[in-house]
Each structure stands twice: as structure tokens, then as C-alpha cells.
S.K.: 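Pasting a structure below so you can have a look.
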Amino acid sequence: MLINKTPSESITIMTEMVMPNDTNPLHNLMGGNLLRWMDVAGGICSRRHSGCICVTASVDTVSFHSPIRMGEIVTITASVTRVFNTSLEVFIQVEAEGGDVKTRRKCNEAYYTFVGLDEWGNKLSLPQIIPQTTEENRQFDGALRRREMRLILAGKLKPEDATQLKLLFNKD
Ligand SMILES: CC(C)(COP(=O)(O)OP(=O)(O)OC[C@H]1O[C@@H](n2cnc3c(N)ncnc32)[C@H](O)[C@@H]1OP(=O)(O)O)[C@@H](O)C(=O)NCCC(=O)NCCS
């Protein structure tokens, strides 16, 4: 049975410390290692929400705003913004803290899309997410536009069929 949930019920928080083996020659966290941690947090979040194996279908653009140094603590927060049918979107935020553990700085954020599969690799319909707050509703509404954009880029949707994106550009 599919049990619908709220975004806050799906929140997954993962904490890591940057060790020497995670860094580049400047002793900052390597971007690829951060993407991996984000992928793991998103995978746990989507699995907890759906109760099935979830594989990464796509990762939207990620910018690295602020370097994260060796020894810093990294907090990765993931939550489901919207479920489509067999896929769902997860919003992932990254914060870092150094010597002053009371101050966290925002480092980056990204949207990952996961697809739910059974043990034989067949796609599964997933339980829905019911937004409650203004911010959760904003993310929920925006997810349709982001989905259209990524499916266009993946060659799975014709631009002329992107109804939500068209609405954005034809507001008059
Ligand atoms: C992701 C995967 C399961 C999609 O299977 P598919 O048969 O190509 O997909 P379909 O076109 O039938 O789409 C299935 C769902 O995935 C979504 N999807 C497919 N490609 C996508 C993309 N590039 N970005 C976002 N969503 C995508 C579709 O929108 C659809 O969602 P919906 O059911 O909620 O509407 C398949 O491509 C796969 O197994 N990829 C490898 C996954 C993996 O191993 N990831 C780890 C990295 S190596």
C-alpha cells in the first residue's frame, strides 16, 4: 500500500567530517566527493520515503559557492519536494562549519531525481508527498518546471510539450 507523506517526514540529515583523503591539493573538499555524499543523502531520503530501491536518474546543475576545508564538518540535508509517478525530486542543501561549531555557512544546493525500482529493476509507482508550508508548496510547484527542463535536456520531452515552462514565459 502506498502511504503519502509530508516533505518534513522525508527529511534526511547526514553529517561528515572532511578528512585528508577527501581533499584536493589545496586541502579543500573535492567537488566529486561532495556530489557523492549528496547522492548518498538523496538516496537514503528517497528510499525512506518510498520504501524501495531508488537509483539516481539525474543531477541538476551544482555550483560550488564556498570551499569546504579539511577538518570542517559538513551537514547535508535532503528532503523530497515532489513525487511524479515512478520518479521523485529531492532537494539537497549543504552547510559547513569550522572551528566555531555554532556558525554554519551555506555552501551549495542541488536537485537530484531518483527512480524507484523493485528487486528485478522494474519501475514502481511511488507514494505521493503532500506539501504543508508555503516553502514546501513553492518547491512542489517549481518541481514541475524543473522536471520539464531536465526531460528536455535528456531528449525525453519536446520543448513544445513543456506546458509549465511555456506558462512561465507567456504570463500575459
Ligand atoms: C533512471 C532509469 C531507471 C530510467 O529508466 P527509463 O526506462 O529510461 O525511464 P523512463 O523514460 O521510462 O522514465 C521513468 C521515470 O524516470 C524519469 N526520468 C527518466 N530520465 C530522466 C532524467 N534524465 N531526468 C529526470 N527524470 C528522468 C521519467 O520522467 C519517469 O518518471 P515518472 O514515472 O515519474 O514520470 C534508467 O535510465 C536507469 O536505470 N538509469 C541508470 C540509473 C543508475 O544506475 N544510476 C546510478 C548512476 S550510475
S.K.: Give a yes or no on whether a salt bridge exists between Arg150 and Asp60, defined as a side-chain N under 4.0 angstrom from a carboxylate O.
M.R.: yes
S.K.: Connecting only ILVMFWY residues whose side-chain heavy atoms lie within less than 4.5 Å of each other, what is the rest of Leu151's hydrophobic cluster?
M.R.: Met149, Ile152, Leu153, Leu157, Leu165
S.K.: Is there a path of hydrophobic side-chain contacts, each under 4.5 Å between heavy atoms of I, L, V, M, F, W or Y residues, that connects Ile68 with Val62?
M.R.: yes
S.K.: Less than 4.0 angstrom from a charged side-chain N to a carboxylate O is my criterion; do Arg82 and Glu89 meet it?
M.R.: no
S.K.: Looking at Pro20, is its backbone amide N or carbonyl O close enough to the side chain of His27 to form a donor-acceptor pair, meaning the two atoms are under 3.5 Å apart?
M.R.: no
S.K.: Return the set of residues passing ring pair (Phe, Tyr, Trp, His ring centres under 6.0 Å) with Phe140 (not counting sequence neighbours), or none when no residue passes.
M.R.: none
S.K.: Can you confirm whether Val80 sits close enough to Pro7 that some side-chain heavy atom of one is under 4.5 Å from a side-chain heavy atom of the other?
M.R.: no
S.K.: Can a donor-acceptor pair be found, under 3.5 Å and without considering hydrogens, that links the side chain of Glu9 to the backbone of Lys5?
M.R.: no
S.K.: If you group Ile, Leu, Val, Met, Phe, Trp and Tyr whenever their side-chain heavy atoms sit less than 4.5 Å apart, what else falls in with Leu144?
M.R.: Phe84
S.K.: Inspect the contact between Arg145 and Glu148 and indicate whether a charged nitrogen and a carboxylate oxygen are less than 4.0 angstrom apart.
M.R.: no
S.K.: Grouping I, L, V, M, F, W and Y whenever their side-chain heavy atoms are under 4.5 Å apart, do Tyr112 and Met14 come out in a common cluster?
M.R.: yes
S.K.: Do the side chains of Val74 and Val90 join up, straight or via other hydrophobic residues, at under 4.5 Å, putting them in one cluster?
M.R.: yes
S.K.: Do Met30 and Val94 sit in the same hydrophobic cluster, where Ile, Leu, Val, Met, Phe, Trp and Tyr count as joined when their side-chain heavy atoms come under 4.5 Å apart?
M.R.: no
